[in-house]
Amino acid sequence: MEKFYITTPIYYSNAEPHIGHSYPTIAADVLARYHRLKGEEVYFLTGLDEHGAKIAEAAQKAGKELQEFCDEIAAKYQFVWDELDISNDDFIRTTSIRHRDGVNKLLVQLKEVGAIYEGEYEGYYCQGCEAFVTEKELVDGLCPIHKKKPQFIHEKNYFFNLKKYLPEIEKAIDDGSLKVIPQIRRKEVLGLFKQDIPDFSISRQSLKWGIPLPWDQNQVAYVWVDALMNYVTALGYGSAEDINFRKFWPAELHLVGKEIIKFHCIFWPAILFAVGLPMPKNIFAHGWFTVDGQKMGKSIGNIIDPHDLIKEFGTDATRYLLLSQFPFGQDGDIKLGNFSIQYNSDLANGIGNLVSRVAAMSEKYFEGSVPAKNDELKLDVSKIWQRYDSAMESFNVYDAISAIKELNALADGYVEKNKPWQLAKSDNVALAKVIYNLLEVIRNLGIMLYPIMPDTATKILISLGQEDFTNYSINDLKEWGRLMPKTVIKKNEALFPRLNIN
RNA sequence: CGCGGGGUAGAGCAGUUGGCAGCUCGGCGGGCCCAUAACCCGCAGGUCGUGGGUUCGAGUCCCACCCCCGCAACCA
């Protein structure tokens with residue numbers, strides 16, 4: 001059986017989740033559901049990075065114990081994923097025992113293969129921050145947060161011999177055995193190799209909140225090293241129960257934000273390569289939102305909370321609206337005012353209305369019983385399936401949505417062209433043909449919709465008497481003519497009630 | 001010379017190897033009446049940031065310039 005291991009970025013748990021986290025998680029969920037529908041064995045991982053100086057700071061600011069602070073954030077994440085109907089198979093936290101064990105194992109291995117050497121880290125250290133600040137961060141030679149003069153200190157550190165592995169990583173990206181997507185990001189990463197990429201420090205002496213190095217308890221692992229390893233520790237790497245690791249590694253896809261490609265496309269593959277593990281197959285960097293032209297951030301106060309969207313539009317529509325704003329992999333602007341407009345045009349007037357009009361006609365003309373089979377739209381629909389599948393295979397959720405819109409438009413156009421309400425008065429055979437084709441389109445639409453809007457899709461398919469659809473693979477489901485004559489159609493409540501916009 | 005992204009219709013975006021400027025929403029006009037005042041058709045609206053250049057032909061290639069936005073502080 002085909003395997004599909006997909007991961008979201010490991011989110012930094014220094015604050016509550018917002019739509020910046022929801023976006024890639026929903027996208028990953030769509031891909032995971034699509035691959036499950038294909039009949040593949042899927043492992044979908046998301047999780048939290050809970051170590052490092054910034055989290056220590058955030059906890060202190062909140063007046064909480066570190067672990068307590070992390071527990072609360074983690075609960076909030078899990079709550080949101082639940083609300084968004086995210087079908088993750090696992091939720092890894094870097095403060096968990098299983099993660100710590102896996103990290104220990106990997107660190108020891110890195111040491112054994114000679115990828116780690118002892119060195120000295122020097123820099124400006126701020127007592128207030130309990131962390132190093134870079135020279136650039138200093139304002140008039142003072143720490144910008146604590147307004148104190150940092151000390152220039154040296155500390156013992158362990159370094160990862162990155163330079164030794166760089167040529168292999170560059171080669172892998174260059175020859176496509178490690179695909180970096182989209183193209184723009186690939187070029188960016190390849191560009192990095194032309195600059196100087198220094199070895200990086202894998203430990204911190206001055207920090208307490210982290211995983212102690214197995215061979216030197218005075219040091220904790222650098223937060224990024226610890227965090228990246230989640231992708232294998234979640235599979236049980238290094239433990240006795242590593243069946244998932246053996247089954248699912250290497251990952252088919254690491255979905256990441258564009259700001260962390262260096263860690264994922266260079267550091268992480270190098271670590272894996274050093275200990276002889278295969279590199280992930282694909283790394284996809286998604287773009288960032290601006291909200292009404294401005295970057296989303298606390299100081300601007302324009303952070304969008306997924307709860308607010310869910311409350312206003314519902315779970316499925318929220319998933320749809322976030323993914324349909326701009327092509328996956330690019331940056332794009334979100335105008336909140338447009339969400340309700342788009343909800344009405346795509347969902348209420350589009351999908352919801354189509355399903356409703358076709359169901360109503362079936363009831364009115366055929367007492368809700370599916371008429372005889374016909375193939376008139378078979379070819380058109382199969383072409384749209386090709387576009388849909390190839391979009392999903394290249395992780396392009398946005399294009400898959402476009403294919404769905406096309407199918408919607410095809411059906412609406414078909415209704416106008418054939419005018420069933422006129423055929424009802426004159427030609428019952430032609431009417432039966434039209435209604436059968438429309439019902440089949442709706443059924444296909446339901447299947448295509450399922451990864452994106454699982455609840456809505458299920459409602460549509462149940463109304464067509466297809467409640468058992470999850471028992472079949474997508475290749476069977478998209479076959480034209482599965483809807484059997486005489487099946488009873490039940491009209492739904494409005495799937496997406498129209499919003500009144502002032 | 002820090003690195004990178006971008007400037008195409010009122011808004012948000014596509015434009016593959018240079019070959020008649022597209023999509024969605026919104027606006028306007030018409031049609032239809034099965035449907036969630038939904039649907040379908042048509043129209044208007046762009047000197048493709050500016051100035052040069054290459055070419056039979058440039059949004060697309062080259063050069064220069066202007067403007068916006070990210071990366072260093074909150075932050076995916």
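Per chain, numbering begins at 1; letters A, B, ... match sequence-line order. Hydrogens, waters and symmetry mates are skipped; everything else that's a heavy atom, side chains included, is used.
Using a cut-off of 4.0 Å between Lys/Arg side-chain N and Asp/Glu carboxylate O, A/E416 and A/R357 are scored as salt-bridged. Taking the charged nitrogens against the carboxylate oxygens, A/D346 and A/K405 do have a contact shorter than 4.0 Å, which makes a salt bridge. Salt bridge status for A/K54 with A/E57: absent, with no side-chain N to carboxylate O gap under 4.0 Å. One finds no salt bridge joining A/K417 and A/D412 here, because no Lys/Arg side-chain nitrogen approaches an Asp/Glu carboxylate oxygen to under 4.0 Å. The pair A/K491-A/E363 does not meet the salt-bridge criterion, since no charged nitrogen lies less than 4.0 angstrom from a carboxylate oxygen.
Taking 4.0 angstrom as the limit, A/R498 places a side-chain polar atom (N or O) nearer than this to OP1 or OP2 of B/A38. Remark: A/N344 is not in phosphate contact with B/A38, judged by side-chain N or O atoms under 4.0 Å from OP1 or OP2.
When both distances must be under 3.5 Å, the Watson-Crick or G-U wobble mate of B/G4 is B/C69. The partner of B/G22 is B/C13, judged by Watson-Crick or G-U wobble contacts that both fall below 3.5 Å. Across all strands shown, the partner of B/A64 is B/U50, judged by Watson-Crick or G-U wobble contacts whose two distances both fall under 3.5 Å. B/C28: Watson-Crick or G-U partner is B/G42, with both key distances under 3.5 Å.
The A/A360 side chain lies nearest to B/C34 when the options are B/C34, B/A11, B/U36. Listed nucleotides B/C33, B/A35, B/A76 differ in distance to A/K364; the shortest reach to its side chain belongs to B/A35. Of the candidates B/U36, B/C33, B/A76, the closest approach to any side-chain atom of A/F496 belongs to B/U36. Residue A/E416 has its side chain nearest to B/G31 when only B/G26, B/A76, B/G31 are considered.
A gap of 23 Å separates the C1' atoms of B/C23 and B/G30, to the nearest Å. Taking atom P on both nucleotides, B/A64 is separated from B/C3 by 14 Å, rounded to a whole Å. B/C43 and B/C61 have their C1' atoms separated by 36 Å, with the value rounded to a whole Å. For the P atoms, the distance linking B/G4 with B/C56 amounts to 34 Å, nearest Å. On the P atoms, B/G31 is 46 Å away from B/G6, given to the nearest whole Å. Look at the P atom in both B/G15 and B/G26: the space between them is 23 Å, to the nearest Å. If you take atom P in B/G46 and the same atom in B/C63, they sit 31 Å apart, rounded to whole Å. Annotation: B/U47 and B/G42 have their P atoms spaced 24 Å apart (nearest Å).
Rounded to an integer number of Å, the gap from A/N418 CG to B/C41 C1' is 16 Å. Between A/I261 atom CD1 and B/A76 atom C1' there is a gap of 14 Å when expressed in whole angstrom units. Following rounding to the nearest Å, A/I55 (CD1) and B/A76 (C1') show an atom-to-atom distance of 14 Å. The CG-P distance, from A/N408 to B/C40, rounds to 8 Å in whole Å. B/C33 atom P lies 7 Å from atom CH2 of A/W421, rounded to whole Å. To the nearest angstrom, C1' of B/A76 lies 12 Å from NE2 of A/H264. The distance between atom CD1 of A/I401 and atom C1' of B/U24, rounded to the nearest whole Å, is 13 Å. Atom pair A/L48:CG and B/A76:C1' shows a separation of 13 Å (rounding to whole Å applied).
When heavy atoms are screened at a 4.0 angstrom cut-off, A/Y11 is found touching no nucleic acid atom at all. In this structure, A/A348 reaches the bases: a heavy-atom distance under 4.0 Å links it to at least one base atom across the strands shown. At the heavy-atom level, A/I19 lies nowhere under 4.0 Å from the strands shown. Residue-level contact check: A/D346 touches neither bases nor backbone, having no heavy atom under 4.0 Å from any strand. Using a 4.0 Å heavy-atom distance criterion, A/S356 is classed as a base contact. As judged by a 4.0 angstrom heavy-atom cut-off over every strand, A/N349 is placed among residues touching the sugar-phosphate backbone only. At a threshold of 4.0 angstrom between heavy atoms, the contacts of A/K417 with the nucleic acid are absent. Heavy atoms of A/K61 sit nowhere under 4.0 angstrom from any nucleic acid atom.
Between A/V415 and A/Y398, the one whose closest nucleotide on RNA chain B sits nearer the 5' end is A/Y398. With the nearest nucleotide of RNA chain B identified for both A/Q342 and A/K425, A/Q342 has the one nearer the 5' end.
A/H99 places a side-chain N or O within 3.5 Å of a backbone atom of A/D226 that can act as its donor or acceptor partner. In this structure, the side chain of A/H21 engages the main chain of A/H18 through a donor-acceptor pair within 3.5 Å.
Residues A/H254 and A/F284 keep their aromatic ring centres 6.0 Å or farther apart.
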